[in-house]
Amino acid sequence: MIIEPRMRGFICLTAHPKGCEQNVKNQIEYVKSKGKINGPKRVLVIGASTGFGLASRITSAFGSDASTIGVFFEKPPMEGKTASPGWYNSAAFEQEAQKAGLYAKSINGDAFSNEVKEQTIAMIKADLGQVDLIIYSLASPVRVHPTTGVTHRSVLKPIGTTFTNKTVDFHTGNVSQVSIEPANQEDIDNTVVVMGGEDWSMWMDAMKEAGVLAEGVTTVAYSYIGPEVTEAVYRKGTIGRAKDHLEATAFEITDKLKDINGKGYVSVNKALVTQASSAIPVIPLYISLLYKIMKEKGIHEGCIEQIQRLFSERLYSGTAIPTDEKGRIRIDDWEMRADVQEQIAKLWTESTTESLVEIGDLAGYKQDFLNLFGFGFEGVDYLADTDEMVQVHSIM
Ligand SMILES: NC(=O)c1ccc[n+]([C@@H]2O[C@H](COP(=O)([O-])OP(=O)(O)OC[C@H]3O[C@@H](n4cnc5c(N)ncnc54)[C@H](O)[C@@H]3O)[C@@H](O)[C@H]2O)c1
């Protein structure tokens with residue numbers, strides 16, 4: 001079939017298998033171009049199919065020759081209906097890993113469930129014995145709690161007072177005011193259950209109990225802080241509470257892993273266009289200003305550049321892992337540089353539908369958004385008849 005992008009708000013209903021393949025290949029090439037990392041050899045990535053998780057899987061495999069198991073929740077294709085992009089990304093990743101002689105298997109299912117945890121542990125036991133690194137990179141709006149069966153939904157709301165600020169519709173470039181009513185306690189609790197650290201902790205407990213964690217194991221989950229303009233809706237909002245919980249969980253995990261010299265970390269990453277971040281109000285406007293400034297300064301990074309740097313200069317640099325005063329790894333250091341943030345604060349007040357074309361990088365935002373779904377890549381013939389029924393081979 002001929003596959004074109006079909007946009008609905010902040011999602012795209014179609015994905016292009018060849019474009020997703022190109023995306024994965026580009027990321028692999030980038031990692032290879034940076035040279036070998038003296039990193040982990042057996043890696044589990046939870047949330048491995050898109051965004052930071054996919055970049056973590058690619059960096060582990062092609063930077064450090066690691067065997068990887070990837071867990072994700074993606075929609076397979078049906079005749080005449082494309083799969084979700086993470087499905088095609090994973091198919092392409094496995095194909096490239098296989099060509100390179102690297103072990104790669106994937107599990108498609110709900111990572112919050114006991115079943116997927118059991119399945120993953122069985123796969124580790126059978127194929128790898130143990131794992132040295134676990135990356136926890138889930139971004140989900142919903143979690144069915146495995147013990148209670150209750151469905152929890154996360155919300156993106158401020159806490160305390162109504163939040164009013166500018167936002168942009170990145171499809172039209174229209175800058176407008178958005179007002180978001182504050183969350184109630186139930187909203188906060190639900191968001192913490194979905195995006196906080198409980199599930200990460202459950203994964204680590206189950207794997208420790210099963211004996212599949214190697215001596216000196218490391219586990220890393222991803223967090224975000226960001227600037228003052230997004231604070232009310234992000235870091236001091238419901239999602240921020242969940243990130244506080246995730247960050248506190250890292251210490252608890254380190255405590256629980258003491259006897260095997262294991263460590264739990266949170267890495268604070270840069271704001272980037274992913275399926276998760278496009279859904280957060282205000283963030284797209286911030287990102288389009290950020291991209292413009294960071295590109296001008298020559299310090300712009302995408303997921304793969306961020307994670308390659310996280311591995312090579314933080315986690316596996318050969319020296320002690322540097323952390324901030326709260327014990328977090330910071331790879332958002334360039335985003336948070338004073339000169340970058342001062343410029344954003346100034347441009348923020350100036351941004352309107354008319355000015356954004358000049359002062360922001362809306363084109364870059366749109367390009368990245370298209371890329372998430374496998375569209376807009378050079379070297380891909382989008383007019384060609386394309387097989388949508390691409391399979392991820394290791395999935396049973
Ligand atoms: N995008 C950003 O700007 C940004 C910045 C800093 C930190 N982060 C954090 O990075 C992490 C990953 O976010 P992302 O932006 O890469 O998101 P993403 O949407 O690109 O990736 C989410 C991944 O989680 C998987 N997933 C979702 N629900 C699942 C489920 N129930 N079971 C199994 N897999 C499931 C998806 O398949 C996908 O692999 C999140 O914790 C996010 O808060 C994101």
Side-chain angles (χ1 to χ4, degrees), residues 10-11 15 20 23 44-58 69-76 83-90 93 106-117 119-120 135-146 151-154 156 191 194-197 199-200 203 220-227 230 234-235 238-240 242-243 245-247 249-250 266-280 282-284 286-287 290-291 301-304 306-307 310 328-332 335-336 365 368-369 371-373 392:
F10 46 75
I11 58 160
C20 290
N23 184 8
L44 168 65
V45 182
I46 304 162
S49 54
T50 55
F52 284 112
L54 174 65
S56 305
R57 192 176 193 188
I58 291 173
I69 293 177
V71 176
F72 46 78
F73 208 7
E74 300 291 343
K75 203 164 45 77
S84 53
W87 177 272
Y88 291 138
N89 290 340
S90 303
F93 172 82
S106 305
I107 292 172
N108 189 35
D110 182 5
F112 295 128
S113 71
N114 292 333
E115 293 71 27
V116 164
K117 290 183 178 72
Q119 220 181 325
T120 308
I135 296 287
Y136 188 83
S137 186
L138 289 187
S140 173
V142 53
R143 174 179 176 214
V144 178
H145 198 284
T151 301
H152 299 269
R153 286 179 201 286
S154 66
L156 295 158
T191 308
V194 179
M195 287 298 286
D199 181 62
W200 182 25
W203 268 97
V220 184
Y222 296 142
S223 188
Y224 183 63
I225 297 177
T230 62
Y234 197 95
R235 195 62 212 208
T238 48
I239 182 74
K243 291 302 186 191
H245 187 269
L246 187 80
E247 291 172 14
T249 304
V266 153
S267 169
V268 182
N269 300 350
K270 175 197 184 207
L272 278 169
V273 180
T274 63
Q275 289 182 73
S277 70
S278 344
I280 311 176
V282 189
I283 299 275
Y286 169 69
I287 289 183
L290 181 74
Y291 272 27
E301 297 175 296
C303 287
I304 197 66
Q306 275 268 290
I307 300 299
L310 171 66
R328 304 172 293 204
I329 300 171
R330 303 297 295 265
I331 205 75
D332 64 339
E335 168 182 357
M336 299 312 284
Y365 192 105
D368 275 14
F369 189 74
N371 285 174
L372 295 178
F373 303 91
V392 182

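Whatever order the structure lists ligands and atoms in, that order sets their numbers, starting from 1.
- Inclusion of Ala111 in the set of residues having an N or O under 3.5 Å from an N or O of ligand 1 is warranted.
- Which parts of ligand 1 touch Leu272 is read off a 4.0 Å heavy-atom cut-off, strictly below it: atoms 1 (N), 2 (C), 3 (O).
- Listed by chain and residue number, His300 satisfy the ring-ring contact (aromatic ring centres under 6.0 Å, His included) test with Tyr291 (two or more places apart in sequence, or in another chain).
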Evaluate Ser56 against Tyr222 for side-chain hydrogen bond (donor to acceptor under 3.5 Å, both in side chains), listing each step before the verdict. CA-CA 11 Å; Ser56 305; Tyr222 296 142; 2.7 Å; yes

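- When only modelled atom types and interatomic distance are considered, Asn108 and Ser106 share no side-chain donor-acceptor pair under 3.5 Å.
- Annotation: Val71 places no N or O atom under 3.5 Å from an N or O atom of ligand 1; distance criterion only.
- Of the options Ala55, Gly53, Ser137, the smallest heavy-atom separation from atom 23 (C) of ligand 1 is shown by Ser137.
- In this structure, the side chain of Ser84 does not engage the main chain of Glu74 through any donor-acceptor pair within 3.5 Å.
- Atoms of ligand 1 found under 4.0 Å from any heavy atom of Ser49, numbered from 1 in the order shown, are 36 (C), 37 (O), 38 (C), 39 (O).
- Between Ser278 and Pro284, the shortest heavy-atom contact is O-CG, 4.1 Å.
- Checked against a 3.5 angstrom limit, the closest N/O atoms of Phe112 and ligand 1 fall outside it.
- Nearest non-hydrogen protein atom to atom 16 (O) of ligand 1 is Phe52 N, 2.9 Å.
- Ligand 1 lies within reach of Lys243, whose nearest heavy atom is under 4.0 Å from it.
- The nearest heavy-atom contact from the protein to atom 18 (P) of ligand 1 is Thr50 OG1, 3.4 Å.
- In this structure, the protein non-hydrogen atom closest to atom 1 (N) of ligand 1 is Thr274 OG1, 3.1 Å.
- Taking 4.0 Å as the cut-off, Ala271 counts as a neighbour of ligand 1 on heavy-atom distance.
- In this structure, Ser84 falls outside the shell of residues with a heavy atom less than 4.0 angstrom from ligand 1.
- Counting all heavy atoms, side chain and backbone alike, Ser277 lies closest to Ile287 at OG-CD1, 4.2 Å.
- Qualifying ring-ring contact (aromatic ring centres under 6.0 Å, His included) partners for Phe73, counting only residues two or more places apart in sequence or in other chains: none.
- In terms of polar-atom proximity, defined here as any N/O pair under 3.5 Å, Glu74 does make such a contact with ligand 1.
- Not one N or O of Gln275 is nearer than 3.5 Å to an N or O of ligand 1, by distance alone.
- Residue-to-ligand polar distances keep Met195 apart from ligand 1: every N/O pair is separated by 3.5 Å or more.
- Not a single N or O atom of Tyr224, backbone or side chain, sits closer than 3.5 Å to an N or O atom of ligand 1.
- In terms of protein heavy-atom proximity, atom 40 (C) of ligand 1 is nearest to Leu138 O, 3.5 Å.
- The shortest non-hydrogen separation linking Ser137 to Gly53 is OG-N, 3.2 Å.
- Note on ring orientation: taking the six-membered ring where Trp is involved, the planes of Trp200 and Tyr136 are parallel (angle under 30°, cut-offs 30° and 60°).
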